[in-house]
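Along the sequence shown, residues are numbered consecutively beginning with 1. Owing to the predicted nature of the structure, the values given are computational and were not obtained by experimental measurement. Values reported hereafter were calculated over all heavy atoms of this structure, with side chains retained and with hydrogens, waters and symmetry mates removed.
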Amino acid sequence: MHEPVISISRRTRRTPFSSRIEAQGVGGFTVYNHMLLPTFFRGLEEDYHHLKRHVQVWDVTCEQQVEVAGPDAARLVQLMTPRDISRLAPGRCAYAPLVDETGGMINDPVILRLADDRFWISLADSDVALWGKGLALGLGLDARVFEPGVGPIAVQGPKADDLLSRVLGDEVRDIRFFGFAVLPFAGHPFVVARSGWSKQGGFEIYIDDAPGGQALWDALFAAGGDLCAGPGCPNLIERIEGALLSHGNDMTLANNPFECALDRFVNLESPVEFIGRDALERIRDSGGPDRIIRGIRFDGAAAPACVEPWPVLRSGAPAGQVTSAAWSPDLATNIALAMVERSAWDPGTPVSVASPDGTRDGEVTTLPFTGR
Ligand code: THG
């Protein structure tokens, strides 16, 4: 028997870096925003140790931008998120839930304010441009909503400042967390933010010029030999440890931001108008959510990938589902992100996890597993 593969075609769009990462030994891909996203290079565990010790360059251009520009741009972006966008200054980024009229999670992008009247919404995996265009058209807003074909490459790991400063200059060291600067490389100005989908620190460089971006990619590898710079990608183990949520895996349109423990990005106290405010206020006023994303540590051999949700049981009764799982080498246990019902969500609650290769004993934990 052979392993099935995902077939690549025009619909599974390649990126300006696809041929480079193929030459650099990419081991697998998934599809994200209709675009290729690498899933591992040497292997999940080898990639994990390398990311935590050295520095990696990632092709995450599938985190495509939706641009919203024009006199009503701020109004439209605000309608899409419960986070107070009036507090987002030009030059800053914000992690922000996007919700529908029921409070359901449409996406959880990073929003960059390029100017008072111009935003990039840096997407997780759902078709937000269509939602935004529909709103602008339906509400008669004076805002253009389009996909400019811009996505980031990421430089992540403890040596990220050292590597990027060699290529873009020491200015990168002054960029604050979730701030961005516009820095030239070979004459082209690039948006460079201190952000990224790991807890190891680093930057994202938004590629709006393929040849310039490819030259930058090559310069990073040319400069990084003694730093052990290598190709990488978002790492399943590291992102579970750090509790970085994956839309479509850990939450869907069926979940609200309170269930996703994203309360700190929901500004109901601000008098801002957004779609879903009534729904979120109702949930808040009726005692909050009935389930919440928690960590679970569980016993046994290294967990297989969680491809379909695994039931979580408390005293034999259904109490939620595991949505992402991995063996953590540094914590020496299996770890998971799980949507856990109120009956089991107190940290320390003993649960069992029905993984495909058997039922394991586990315990509910707070998040993240490591770090902050
Ligand atoms: N970078 C960019 N775009 C993206 C992602 C990214 N789009 C898709 C996806 N990732 C969006 N999801 C997240 C999830 C978490 C974070 C960023 C994007 C993140 N969270 C910080 C944390 O949890 O520690 C907190 C952020 C804050 O405090 O404001 O960084 O990675 N361009």
[X] to [Y] - nearest heavy-atom pair and separation:
X: Tyr95; Y: Phe178; result: N-CE2, 3.6 Å
X: Gly132; Y: Leu76; result: O-CD2, 4.0 Å
X: Ala303; Y: Trp310; result: CB-CH2, 4.2 Å
X: Gly213; Y: Phe190; result: N-CZ, 3.8 Å
X: Gly242; Y: Lys199; result: O-CE, 3.3 Å
X: Asp59; Y: Phe17; result: OD2-CB, 3.6 Å

Residue pairs fulfilling side-chain hydrogen bond (donor to acceptor under 3.5 Å, both in side chains) with at least one residue in [range], sequence neighbours excluded:
range: residues 97-107; answer: Asp100-Thr102, Asn107-Ser126
range: residues 66-80; answer: Glu67-Arg118, Glu67-Trp120
range: residues 333-349; answer: Arg291-Glu341

Sequence neighbours excluded, every pair satisfying salt bridge (charged side-chain N to carboxylate O under 4.0 Å, His left out) that has a member inside [range]:
range: residues 177-197; result: Asp161-Arg194
range: residues 4-33; result: Arg14-Glu22, Arg20-Asp218
range: residues 309-338; result: Lys52-Asp330

Task: For Leu244, the rest of its hydrophobic cluster, which grows through side-chain links under 4.5 angstrom - done: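 ILVMFWY cluster around Leu244 also holds Tyr32, Leu37, Leu51, Trp58, Val60, Trp197.
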Open item on the list: Looking at Glu269, I want to see if its CD is surrounded by more than 12 non-hydrogen atoms of other residues, nucleotides or ligands under 6.0 Å.
Closed with: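 More than 12 heavy atoms, drawn from other residues, nucleotides or ligands, come within 6.0 Å of this atom.
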Pair [X], [Y]: side-chain N/O donor-acceptor within cut-off below 3.5 Å:
X: Glu238; Y: Gln200; result: yes
X: Arg173; Y: Ser165; result: yes
X: Asn249; Y: Thr323; result: no

Quick one: are [X] and [Y] in side-chain contact, heavy atoms under 4.5 Å?
X: Asp108; Y: Leu98; result: no
X: Phe41; Y: Gln56; result: no
X: Pro152; Y: Gln65; result: yes

Task: Joint hydrophobic cluster, Val57 plus Leu216, side-chain heavy atoms closer than 4.5 Å - done: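 The answer is yes; both residues are in one hydrophobic cluster.
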Solution key, residues 270-277 side-chain donor-acceptor pairs under 3.5 Å, sequence neighbours excluded:
{"from": "Ser270", "atom 1": "OG", "to": "Asp84", "atom 2": "OD2", "distance (Å)": "2.8"}
{"from": "Ser270", "atom 1": "OG", "to": "Arg87", "atom 2": "NH2", "distance (Å)": "2.8"}
{"from": "Arg277", "atom 1": "NE", "to": "Val272", "atom 2": "O", "distance (Å)": "3.1"}
{"from": "Arg277", "atom 1": "NH1", "to": "Leu268", "atom 2": "O", "distance (Å)": "3.1"}
{"from": "Arg277", "atom 1": "NH1", "to": "Glu281", "atom 2": "OE2", "distance (Å)": "2.8"}
{"from": "Arg277", "atom 1": "NH2", "to": "Ser270", "atom 2": "O", "distance (Å)": "2.4"}
{"from": "Arg277", "atom 1": "NH2", "to": "Val272", "atom 2": "O", "distance (Å)": "3.0"}

- [ ] With sequence neighbours excluded, tell me which residues meet side-chain contact (heavy atoms from CB on, under 4.5 Å) with Ala223.
- [x]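 With neighbours one apart ignored, the set is Leu163, Arg166, Val167.
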TODO: With sequence neighbours excluded, tell me which residues meet side-chain hydrogen bond (donor to acceptor under 3.5 Å, both in side chains) with Thr81.
DONE: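 Expected list: none.
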Task: Residues in side-chain hydrogen bond (donor to acceptor under 3.5 Å, both in side chains) contact with Asp357, at least two apart in sequence or another chain - done: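 If we apply the side-chain hydrogen bond (donor to acceptor under 3.5 Å, both in side chains) test to Asp357, skipping adjacent residues, the hits are Ser355, Arg360.
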For residues 203-212, run the donor-acceptor check on the side chains, cut-off 3.5 Å, and write out each pair with its distance to 0.1 Å, sequence neighbours left out.
{"from": "Glu204", "atom 1": "OE1", "to": "Ser195", "atom 2": "OG", "distance (Å)": "2.6"}
{"from": "Asp208", "atom 1": "OD1", "to": "His188", "atom 2": "NE2", "distance (Å)": "2.7"}
{"from": "Asp209", "atom 1": "OD2", "to": "Gly212", "atom 2": "N", "distance (Å)": "2.8"}

Task: Qualifying residue for side chain to side chain contact (heavy atoms under 4.5 Å, CB included) with Arg239, from Leu236, Ile237, Asn235 - done: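 The side chain to side chain contact (heavy atoms under 4.5 Å, CB included) with Arg239 is passed solely by Leu236 among Leu236, Ile237, Asn235.
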